[in-house]
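To keep things clear, I will list the structure first and then write my remarks on it.
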Amino acid sequence: MKRDLVPALGEAAGAVGHAAGDKPMVRFRGVTKRYGALTVLDELDLDVAAGEKVAIIGPSGSGKSTLLRVLMTLDPLSAGRIDVGGESLTHMERNGAWVPANDAHVRRVRSRIGMVFQSFNLFPHMTALRNTIEAPMRTLGLSRAEAVERAMELLSMVGLADKRDHYPSQLSGGQQQRVAIARALAMRPKVMLFDEVTSALDPELCGEVLNVIRRLGAEHNLTMLMVTHQMGFAREFADRVCFFSHGKILEEAPPQQFFTSPRHERTQQFLRAVREAS
Ligand SMILES: Nc1ncnc2c1ncn2[C@@H]1O[C@H](COP(=O)(O)OP(=O)(O)O)[C@@H](O)[C@H]1O
Ligand SMILES: [Mg+2]
């Protein structure tokens with residue numbers, strides 16, 4: 001596979017590593033999200049370095065999906081700010097003042113981010129190939145030939161070049177999820193968000209999706225935030241684990257430390273419950 005399949009991903013971190021003072025790829029500051037009286041994200045701060053892999057775990061309803069959704073700008077913030085690639089996603093400077101970003105600004109900065117959801121949300125009336133070329137043609141202005149070339153490289157990477165003309169209904173859940181990953185990568189994001197991408201899959205199909213994510217991690221310097229219930233995968237793959245509780249990061253640590261000696265009682269209780277269930 002070509003190293004430049006997803007080019008420019010590694011530039012920020014590069015071979016020289018993270019120089020002191022480097023801006024994080026993703027920065028949350030005081031991020032708050034409320035639905036009515038319910039505070040789902042509570043003045044959250046989080047920095048993710050370029051190329052870093054962060055696993056987000058925690059109980060149901062603790063705000064994990066909301067964190068990814070506000071980063072993808074699918075939901076507006078109630079307060080706080082988010083920067084991506086050293087630039088504000090949520091705000092822009094106008095006449096010397098910071099104001100909420102307009103649509104064009106949001107679209108430009110958000111184009112650095114790709115997301116894959118738990119439910120395989122491919123366009124059902126489009127083939128695997130068409131799903132993968134649509135956005136690059138529409139939003140990046142690629143010619144059909146360019147988009148097809150890019151899509152076929154990505155479909156090959158996820159092991160589905162031979163399924164290019166299949167519709168989602170003709171693919172297994174694991175295959176659909178791999179197309180969804182190829183489709184997100186076709187926009188050449190620097191940051192990939194994965195929200196429980198294996199939760200709806202049979203166990204034997206999980207492995208093929210996790211293998212694709214492993215390859216992405218090994219071969220490209222993508223920054224990744226992944227919500228997962230797969231503790232084994234988080235332990236092996238992530239650089240850092242963040243444990244969510246009530247819209248805050250209660251505890252974060254490198255996986256080895258997190259899984260062997262969690263500090264908080266709530267974290268210990270969660271890990272015990274997960275182990276008992278598996
Ligand atoms: N659109 C919405 N309207 C109202 N409440 C919501 C909405 N989306 C999420 N919530 C609530 O926010 C909380 C956090 O949800 P979510 O981020 O999906 O949690 P998690 O992914 O950790 O399970 C839950 O209590 C959920 O019911
Ligand atoms: Mg969720």
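For ligands, and for the atoms within them, numbers begin at 1 and follow the listed sequence. In this text, all values refer to a predicted model and were calculated from it rather than measured experimentally.
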Open item on the list: Quick one, M92 with V99, criterion side-chain contact (heavy atoms from CB on, under 4.5 Å). Give me CA distance, side-chain angles, the key distance, then yes/no.
Closed with: CA-CA 6 Å; M92 59 193 282; V99 298; 3.8 Å; yes
Task: Donor-acceptor pair between T267 and E251 side chains, under 3.5 angstrom - done: yes
TODO: Go through the steps to decide whether T127 and D165 satisfy the test side chain to side chain donor-acceptor pair (under 3.5 Å), and finish with yes or no.
DONE: CA-CA 5 Å; T127 63; D165 297 321; 4.9 Å; no
- [ ] Taking only heavy atoms of the protein into account, state which residues are under 4.0 angstrom from an atom of ligand 1, in chain and number order.
- [x] Y35, L38, V40, P59, S60, G61, S62, G63, K64, S65, T66
Task: the Mg ion (ligand 2) neighbourhood, protein N/O/S only, threshold under 2.8 Å - done: S65 OG
Open item on the list: I'd like to know if R150 and E146 make a salt bridge, using a cut-off of under 4.0 Å between side-chain N and carboxylate O.
Closed with: no
Open item on the list: Please tell me whether L201 and L216 are part of a single hydrophobic cluster in this structure, the criterion being side-chain heavy atoms less than 4.5 Å apart.
Closed with: yes
Task: Distance under 6.0 Å and angle within 45° of ring axis: R263 vs F243 - done: no
Task: K248 NZ/CZ over F244 ring centroid, <6.0 Å and within 45° of normal - done: no
Task: Residue pair D47 / R240: nearest heavy atoms and the distance that separates them - done: O-NH2, 2.5 Å
Open item on the list: Just verifying a value: how many Å separate F237 CZ and R214 CZ, rounded to the nearest 0.5 Å?
Closed with: 8.5 Å
